[in-house]
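Some notes on the structure that comes next.
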Amino acid sequence: MADNQTNNKTGSESERGDLEENIEDKEDKEEGEKEVSAASSNPMQRSSSRPQLDLSRAAIQGDFDDRNPTILLPNQSDDISHLALDIGGSLIKLVYFSRHEENPSDNRRKRAIKQRFGVSNVNRRSYPILGGRLHFVKFETGKLNECLDFISSKQLHHGGIDSPSWNAGIRPVENPIIKATGGGAYKYADVFNERLGVSIDKEDEMNCLVAGANFLLKAIRHEAFTHMEGQKDFVQIDHNDLFPYLLVNIGSGVSMIKVDGDGKFERVSGTNVGGGTYWGLGRLLTKCKSFDELLELSQQGDSSKVDMLVGDIYGGMDYSKIGLSASTIASSFGKAISETKELSDYRPEDISLSLLRMISYNIGQISYLNALRYGLKRIFFGGFFIRGHAYTMDTISFAVQFWSKGQAQAMFLRHEGFLGALGAFMSYEKHGLDDLMAHQLVERFPMGAPYVGGKIHGPPLGDLNEKISWMEKFLQKGTEITAPVPMAPPGTTGMGGFDRPSSKGHMLRSDASAALTIGVLHLVPSLEVFPLLADLKTYEPNTIDLSDRTELEYWFTVLSEHTPDLVDKAVASEGGTDDAKRRGDAFARALSAHLARLIEEPAAYGKLGLANLLELREECLREFQFRDAYISIKQRENEASLTVLPDLLMELDSMNEEDRLLTLVEGVLAANIFDWGSRACVDLYHKGTIIEIYRMSRKKMQRPWRVDDFDKFKERMLGCGEKKFQPYKKALLFVDNSGADIILGMLPLARELLRQGTEVVLVANSLPALNDVTAYELPEIVAEAAKHCDILRKSAEAGGLLVDAMVNAQDGLKASSPSVPLMVVENGCGSPCIDFRQVSSELAAAAKDADLIILEGMGRSLHTNFNAKFKCDALKLAMVKNQRLAEKLFNGNIYDCVCRFEPAAQHS
């Protein structure tokens with residue numbers, strides 16, 4: 001997307017951007033030299049004789065590749081071996097690094113905002129500009145040559161084919177060193193040296209395992225989840241209360257590790273009954289040819305045909321005296337003692353399930369007893385035995401719950417297959433990970449390598465053209481395209497595959513549908529937590545609970561019905577070219593595949609809320625390189641609204657304070673009708689011009705509104721009788737749509753606050769979403785509006801938004817106009833909603849001394865944050881353009897208005 005922005009610049013804009021970038025580079029170089037000097041004096045730095053990997057201020061961005069997370073490392077130097085492996089007996093897990101560059105935009109404005117709000121101008125390398133990604137891939141150990149070919153094809157042992165030295169034709173370093181862990185690091189060291197000319201630097205397996213787990217649990221908000229009776233529930237881990245915990249790694253055998261902190265752990269127990277036992281006995285008893293085939297069989301098994309149950313002993317009755325139900329397993333394989341039956345008389349499916357239950361139950365029990373012994377509250381399970389297999393997780397969870405009497409829970413990790421490889425990768429440089437915070441990670445789910453029907457068809461796709469060509473190819477064959485699903489055909493993995501069974505069992509839930517999808521982790525170090533949240537721990541942005549199936553299906557229908565219109569707008573925004581039409585079709589198919597995947601398994605992409613769903617749509621648009629689908633519509637509506645603004649300002653200035661404040665709030669609510677994300681509003685657009693609709697909407701503003709706290713807000717603004725309040729010091733106005741919404745609604749309200757001496761910060765999207773105004777567009781809008789208003793002009797000048805503006809002589813308030821600043825900051829989002837756990841650093845800095853927040857629009861004040869509490873006064877304004885939402889929130893109707901004022905004292 002950044003490349004598109006650059007290509008769309010005029011020559012003068014590009015030259016100016018280059019000049020600003022050079023100035024910033026010079027500043028950053030000076031700061032970088034200071035950092036290098038400081039680092040050189042750090043005695044904990046590792047020897048330069050080994051490859052160094054700089055993980056400080058890690059940043060994750062990039063497109064989807066192999067459906068596994070891609071982690072950006074912005075401080076990474078250019079030419080080292082960016083590769084680490086975990087070579088086990090069954091699988092090779094590979095983590096590799098690739099570069100990513102993003103072109104900064106609007107540097108001058110950003111620097112001015114940072115300087116004003118005291119945001120540290122850190123080294124440019126601390127931001128996601130010269131960083132990269134971490135890719136996660138799996139191969140079967142028996143297919144080692146495929147793994148070696150993959151490494152060679154991408155030149156990963158020489159820094160990758162995207163490294164500067166490779167592109168410059170510089171001869172690579174001889175005998176590079178790569179990190180590896182697991183038994184295969186010793187067994188296959190010579191093979192790697194012979195085929196690739198590399199030396200294996202062997203890392204301790206337990207160290208890597210713990211380091212990988214600690215990293216994931218700290219860095220990813222919903223990394224951990226519970227799994228009971230097929231139901232996934234994601235768990236938010238308090239980073240300050242993470243340690244100690246028990247990490248149970250189930251490989252061929254089982255290790256139980258008590259983790260007390262970073263680098264502090266002890267193997268406290270284990271058992272020789274693990275994944276190897278299941279596979280070994282299963283192979284002997286069922287003649288299965290692979291671990292996955294054995295799991296596949298368990299999907300269709302009935303273990304009661306093999307296991308002796310309590311009811312078998314007590315004539316179908318419970319043994320209630322000691323709390324055992326008739327269905328409790330009294331003896332695994334107990335029925336096989338029959339002298340009249342041979343192995344061939346038992347179904348392989350039943351044997352497989354009985355084995356799975358026996359081993360899983362025992363691991364769960366031993367794990368809980370060790371947690372009890374050491375007083376540990378959390379038990380995390382991982383290892384190749386888990387494999388995301390739903391019934392395996394269910395049986396382990398049942399055992400922990402049963403033996404703990406519900407006092408403990410088994411938890412699993414979304415990235416569990418890569419703990420060792422990730423830990424080995426981190427060992428290139430063991431400093432800087434503490435800087436990584438959960439609010440700096442954003443997970444995205446673009447379409448990835450070609451997966452159809454759960455099977456892998458070829459290697460990961462290199463670019464957008466390949467991706468679209470693949471989609472078109474399979475559509476021509478009449479093959480349904482599905483969103484990336486983490487599973488592979490039985491017995492295979494392929495590039496990035498997760499060995500997961502795919503058949504639907506008669507008695508058990510299909511693991512194909514239940515499996516989790518791992519997305520791309522964008523690590524953005526410039527994101528911060530909004531400092532005015534009353535309580536971060538209890539904050540939940542989503543108002544609508546999509547765990548309700550009917551709710552989920554309704555909103556999926558809304559998105560599906562809106563897609564054709566969105567595609568038309570997106571294609572038109574780029575001139576209706578054949579290329580745009582091709583990308584538009586691909587976008588529609590990709591979004592449809594995502595929705596189908598989530599209908600099948602709502603937890604497939606992690607914890608799902610309406611905000612996540614709406615953001616998924618915007619990210620999908622950007623994936624197919626539609627930078628701003630509504631750009632021409634926004635420009636047209638802005639121009640129309642600006643022609644009406646002078647008359648509106650004159651009308652407002654003729655009123656007394658009380659009437660003017662009511663008219664301003666009515667104006668915000670009336671103008672909020674313009675929302676291209678609403679089906680009802682799209683229909684309105686076909687019946688009149690923007691100005692006609694706005695005037696109609698204003699005429700219908702009759703109080704009381706559905707939620708009407710205007711009188712409370714008026715009292716705080718203007719006082720009541722002799723009771724007066726000091727004007728607000730600083731107000732953050734979170735704006736919504738372009739056109740009348742911002743120009744005839746929020747800007748006049750901002751002007752009133754400026755008139756009272758309140759500093760105003762307009763907060764807008766960092767990236768386009770529907771017809772929402774962006775922080776990039778706002779300064780020009782303010783400059784045009786300032787031509788008609790001296791208050792806006794002087795405040796915009798004070799806020800650095802414009803150098804000069806033509807002032808309309810009709811504005812009669814020049815003498816009394818204030819000089820408090822009017823500023824614009826970006827919110828760090830590209831969605832109609834906002835999650836206050838992740839906002840831009842400049843917004844976080846601007847918020848520190850704000851005493852009023854105004855959230856405007858359905859997305860930011862109803863879909864999200866309707867129940868959010870803040871440390872300062874909050875005003876939430878919106879017109880409801882969705883009947884279902886109106887009924888759900890307050891038993892209301894479409895076009896109801898919400899004016900909700902919450903003084904800080906109510907939630908301090």
Side-chain angles (χ1 to χ4, degrees), residues 1-10 13 446-447 464-465 467-469 471-472 475 558-595 614-643 673-694 736-743 764-774 776-778 780-781 830-832 859 881:
M1 187 191 67
D3 292 338
N4 286 349
Q5 290 176 333
T6 303
N7 293 338
N8 289 335
K9 286 183 178 179
T10 63
E13 286 176 321
M447 297 296 289
L464 181 62
N465 187 56
K467 185 181 297 185
I468 296 176
S469 295
M471 294 174 72
E472 291 172 341
L475 275 177
V558 169
L559 262 66
S560 297
E561 291 178 348
H562 181 242
T563 299
D565 184 69
L566 181 56
V567 170
D568 290 343
K569 299 292 188 299
V571 172
S573 73
E574 303 203 359
T577 64
D578 289 342
D579 174 66
K581 291 176 182 176
R582 185 169 179 250
R583 287 185 285 117
D585 288 342
F587 156 73
R589 291 165 189 154
L591 182 60
S592 176
H594 284 302
L595 296 180
L614 296 176
E615 189 166 14
L616 176 66
R617 177 185 60 189
E618 300 305 321
E619 285 298 325
C620 198
L621 268 176
R622 286 189 273 272
E623 179 188 358
F624 291 92
Q625 296 182 1
F626 289 106
R627 178 178 173 272
D628 193 346
Y630 287 82
I631 187 169
S632 58
I633 294 173
K634 292 194 292 185
Q635 290 170 346
R636 184 169 67 248
E637 292 186 355
N638 287 340
E639 291 170 2
S641 300
L642 283 166
T643 62
I673 197 172
F674 298 100
D675 184 348
W676 280 92
S678 163
R679 180 77 258 169
C681 290
V682 173
D683 292 340
L684 278 178
Y685 279 104
H686 299 306
K687 299 176 182 177
T689 67
I690 182 173
I691 300 307
E692 289 171 343
I693 298 169
Y694 169 69
D736 191 8
N737 305 302
S738 293
D741 201 355
I742 177 65
I743 295 168
N765 268 12
S766 299
L767 296 172
L770 294 173
N771 63 319
D772 289 4
V773 68
T774 67
Y776 182 79
E777 298 161 340
L778 260 182
E780 183 178 348
I781 293 173
S831 162
K881 281 91 66 177

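Worth saying up front: this structure is predicted, and the values here are computed from it rather than measured.
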Please identify each residue that fulfils side chain to side chain contact (heavy atoms under 4.5 Å, CB included) with Ala586, with sequence neighbours left out. Ile468, Met471, Phe624

Distance check, rounded to the nearest 0.5 Å: Asn638 atom CG versus Ile781 atom CD1? 4.0 Å

My understanding is that only residues two or more places apart in sequence, or in another chain, count here; which of them pass side chain to side chain contact (heavy atoms under 4.5 Å, CB included) with Thr563? Val567, Phe587, Ala588, Leu591

When every non-hydrogen atom of Ile631 is compared with those of Ser573, the smallest separation belongs to CG2-CB, 4.1 Å

What residues form a salt bridge (charged side-chain N to carboxylate O under 4.0 Å, His left out) with Asp579, not counting sequence neighbours? Arg583

Glu619 bridged to Arg622 by N-O distance under 4.0 Å: yes

Could you check if a side-chain atom of Asp736 sits within less than 4.5 angstrom of a side-chain atom of Asp772, using non-hydrogen atoms only? yes

How long is the gap from OG on Ser469 to CG on Leu464, to the nearest 0.5 Å? 9.0 Å

From His562 NE2 over to Lys569 NZ, what is the distance, rounded to the nearest 0.5 angstrom? 7.5 Å

Can you list the residues that meet the side chain to side chain donor-acceptor pair (under 3.5 Å) rule with Asn465, with sequence neighbours excluded? Arg582

Ser560 to Leu595 - nearest heavy-atom pair and separation: OG-CD1, 3.5 Å

CG of Asn771 to CG of Asp628, rounded to nearest 0.5 Å, is 9.5 Å

I'd like to know whether Arg617 forms a side chain to side chain contact (heavy atoms under 4.5 Å, CB included) with Leu566, so could you lay out the CA-CA distance, the side-chain angles of the two residues, the decisive distance to 0.1 Å, and finally the verdict. CA-CA 10 Å; Arg617 177 185 60 189; Leu566 181 56; 3.7 Å; yes

What one should report as the nearest heavy-atom pair of Asn765 and Ala769 is ND2-CB, 3.7 Å

Mind checking whether Ile742 and Lys634 have side chains closer than 4.5 Å, heavy atoms only? no

Which pair of heavy atoms, one from His594 and one from Leu616, lies closest together, and at what distance? CB-CD2, 3.9 Å

List for me each residue that meets side chain to side chain contact (heavy atoms under 4.5 Å, CB included) alongside Ala570, sequence neighbours excluded, and say none if there are none. Leu621, Phe626, Ala629

Could you pull out all residues at least two apart from Glu618 that satisfy side chain to side chain donor-acceptor pair (under 3.5 Å)? none

Run Leu770 and Asn737 through side chain to side chain contact (heavy atoms under 4.5 Å, CB included) and show every step you take. CA-CA 8 Å; Leu770 294 173; Asn737 305 302; over 6 Å; no

Applying salt bridge (Lys or Arg N to Asp or Glu O under 4.0 Å), run through Lys581 and Asp585 and close with a yes or a no. CA-CA 6 Å; Lys581 291 176 182 176; Asp585 288 342; over 6 Å; no

Got a second to check how far Ser831's OG is from Leu614's CG, nearest 0.5 Å? 6.0 Å

